[in-house]
There are 2 protein chains.
Amino acid sequence: MARKIIENPNSCTLVHAMNIIGGKWKPIVIYILANGSLRFGKLLLFIPNISKKVLTEQLRELEEDQIIIRERFAETPPRVEYSLSKRGEALLPILRSLSEWTSTSFDTIEFETCKIVKL
Amino acid sequence: MARKIIENPNSCTLVHAMNIIGGKWKPIVIYILANGSLRFGKLLLFIPNISKKVLTEQLRELEEDQIIIRERFAETPPRVEYSLSKRGEALLPILRSLSEWTSTSFDTIEFETCKIVKL
DNA sequence: CTGAATCCATTTTGATACTG
DNA sequence: CAGTATCAAAATGGATTCAG
């Protein structure tokens, strides 16, 4: 039986989406920024167990994909604010759905990363 | 200012969801199985560039999280069918939303993994 | 304060050959 | 056919130190 290679737009877009939000901390960052812009130091507090390096990398990638916006203020000491872009905000309902899916589908969930810091 | 550690159920469930579907090939597997059950060999054809070993691992994990169902038939040669569970099916609308989000948010997407085999 | 640069540990992914 | 086993490669994660 002959086989034919075809394009599958659904898989393709799905893979792309996962590349963007599939990072270990990215959904958390997006979720936290949903409540408003934050500076680097605060994000670090909100996400325990993440190192500066990794947070920096994740933020860079999210910025490249235009999910978040990075605003640098020329002050001393320097201040940098991160916030969600329109594209990032469009992602929120989907992340909420994912969150709900987990809640309704699983009885128990436990992580270290469940704990976040409230200021 | 005092800081207090609290639980954040949203982040928690989100992280859990990403642990389950965040694997490199998992969303594709789920998407493909959405069209009906398939056996191992077919899945391998549908996902170019994936090795048997990796596909096996991903399927095992999806099975452990009860996203897919593995059915083994005692025949010769052996036959194994994979299909979506209820829990996995509940994920489909969300994956479709993700797919749509990518389509509307980005102009161009390109991957090697976009190509799948149609039988 | 923000984050770049190093160095190293761990995890993930893959190519290949082999088995019931 | 549907996997294992083994080895190797690559991506990712993280601790620490340095800099504007």
Side-chain angles (χ1 to χ4, degrees), chain A residues 1 3 11 15-16 18-29 32-33 37-65 68-83 111-113 115 117 119, chain B residues 1 3 11 15-16 18-29 32-33 37-65 68-83 111-113 115 117 119:
Chain A
M1 178 182 176
R3 276 186 266 109
S11 283
V15 174
H16 194 240
M18 295 309 296
N19 280 346
I20 291 174
I21 65 164
K24 183 172 175 183
W25 307 98
K26 288 180 182 176
I28 306 180
V29 170
I32 290 176
L33 288 182
S37 68
L38 276 179
R39 44 199 303 188
F40 186 82
K42 296 294 183 191
L43 273 172
L44 213 52
L45 288 176
F46 269 89
I47 312 173
N49 307 327
I50 194 175
S51 67
K52 280 201 238 178
K53 178 198 158 196
V54 174
L55 179 56
T56 301
E57 286 168 355
Q58 305 273 298
L59 289 172
R60 284 277 173 284
E61 291 177 17
L62 286 171
E63 191 196 358
E64 275 173 28
D65 294 323
I68 65 173
I69 297 168
R70 179 176 182 272
E71 224 178 337
R72 187 189 180 87
F73 299 90
E75 306 173 356
T76 35
R79 180 164 65 95
V80 180
E81 295 263 358
Y82 293 93
S83 58
F111 294 116
E112 342 70 55
T113 49
K115 297 184 188 303
V117 178
L119 298 180
Chain B
M1 177 180 175
R3 274 185 269 110
S11 284
V15 174
H16 193 241
M18 295 309 297
N19 280 346
I20 291 173
I21 65 164
K24 182 172 176 184
W25 307 98
K26 288 181 183 176
I28 306 180
V29 170
I32 291 177
L33 288 182
S37 69
L38 277 179
R39 43 201 302 188
F40 187 83
K42 295 294 182 191
L43 274 172
L44 212 53
L45 288 177
F46 270 88
I47 312 173
N49 306 329
I50 194 173
S51 67
K52 279 198 219 179
K53 180 196 155 200
V54 173
L55 178 56
T56 302
E57 286 167 356
Q58 305 272 300
L59 289 171
R60 286 278 174 281
E61 290 177 18
L62 286 171
E63 190 194 0
E64 274 173 29
D65 293 324
I68 65 174
I69 297 169
R70 179 176 182 273
E71 224 177 338
R72 186 188 182 87
F73 300 90
E75 308 172 356
T76 34
R79 180 164 63 98
V80 179
E81 294 265 357
Y82 292 93
S83 57
F111 294 115
E112 342 71 54
T113 49
K115 296 184 187 305
V117 178
L119 299 182

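Note that the coordinates shown come from a computational prediction; the quantities given were computed from them, not determined experimentally.
For the pair A:Arg60 CZ and C:dT2 P, the computed distance is 12 Å after rounding to whole Å. To the nearest angstrom, P of D:dA2 lies 15 Å from CD of B:Glu63. Look at CD on B:Glu57: it is 10 Å from P on C:dG14, rounded to the nearest Å. Rounded to whole Å, atom C1' of C:dG3 lies 16 Å from atom CD of A:Glu81. Going from atom CG of B:Leu45 over to atom P of D:dA2 covers 10 Å, rounded to whole Å. Computed from coordinates, the A:Leu38 CG to C:dG3 P distance equals 13 Å when rounded to whole Å. We find that NZ of A:Lys53 is positioned 9 Å from C1' of C:dT6, with the value rounded to whole Å. When rounded to the nearest whole Å, the span between CD1 of A:Ile50 and P of D:dT16 equals 16 Å.
For the OP1/OP2 pair of D:dT12 and a distance below 4.0 Å, the side-chain nitrogens and oxygens of A:Trp25 include no atom meeting the criterion. Close to C:dG3, at under 4.0 Å from its OP1 or OP2, lies no side-chain N or O of A:Arg79. Neither OP1 nor OP2 of C:dC1 sits under 4.0 Å from any side-chain N or O of A:Arg72. The phosphate of D:dG14 has OP1 or OP2 within less than 4.0 Å of a side-chain N or O from A:Lys24.
Looking at the side chain of A:Val54, the nearest of the listed nucleotides C:dA4, D:dG14, D:dT4 is D:dG14. Comparing C:dT2, D:dG13, D:dG3 against the side chain of B:Val80 picks out D:dG3 as the nearest. Here C:dA15 is the nucleotide among C:dA15, D:dG20, C:dA4 with the atom lying nearest to any side-chain atom of B:Ser51. Considering only the side chain of A:Lys52, C:dG3 comes nearest among D:dG3, C:dG20, C:dG3. Taking every side-chain heavy atom of A:Pro78 into account, D:dG20 is the closest of D:dG20, C:dG14, D:dA2. Nearest to the side chain of B:Phe40, among D:dG13, D:dA2, C:dC1, sits D:dA2. With distances taken from any side-chain atom of B:Arg70 to the nucleotides D:dC1, D:dG3, C:dG14, the minimum falls on D:dG3.
Atom CG of B:Leu62 and atom CG of B:Leu33 lie 8.5 Å apart (nearest 0.5 Å). To the nearest 0.5 Å, atoms CD1 (B:Ile47) and CG (B:Leu55) are separated by 5.5 Å. For the atom pair CG (B:Leu44) and CG (B:Asn49), the distance works out to 10.5 Å, reported to the nearest 0.5 Å.
The two residues B:Gly22 and A:Met18 have their closest heavy-atom pair at CA-CE, 3.6 Å.
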Criterion side-chain contact (heavy atoms from CB on, under 4.5 Å) on A:Val80 and A:Arg70, from CA distance to verdict: CA-CA 7 Å; A:Val80 180; A:Arg70 179 176 182 272; 3.8 Å; yes
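Backbone-only engagement by A:Tyr82 is indicated by non-hydrogen atom pairs under 4.0 Å involving sugar-phosphate atoms exclusively. Looking at heavy-atom distances under 4.0 Å, B:Gln58 makes contact with sugar-phosphate atoms alone, never a base.
A heavy-atom distance below 4.5 Å is not found between the side chains of B:Lys26 and B:Ile20.
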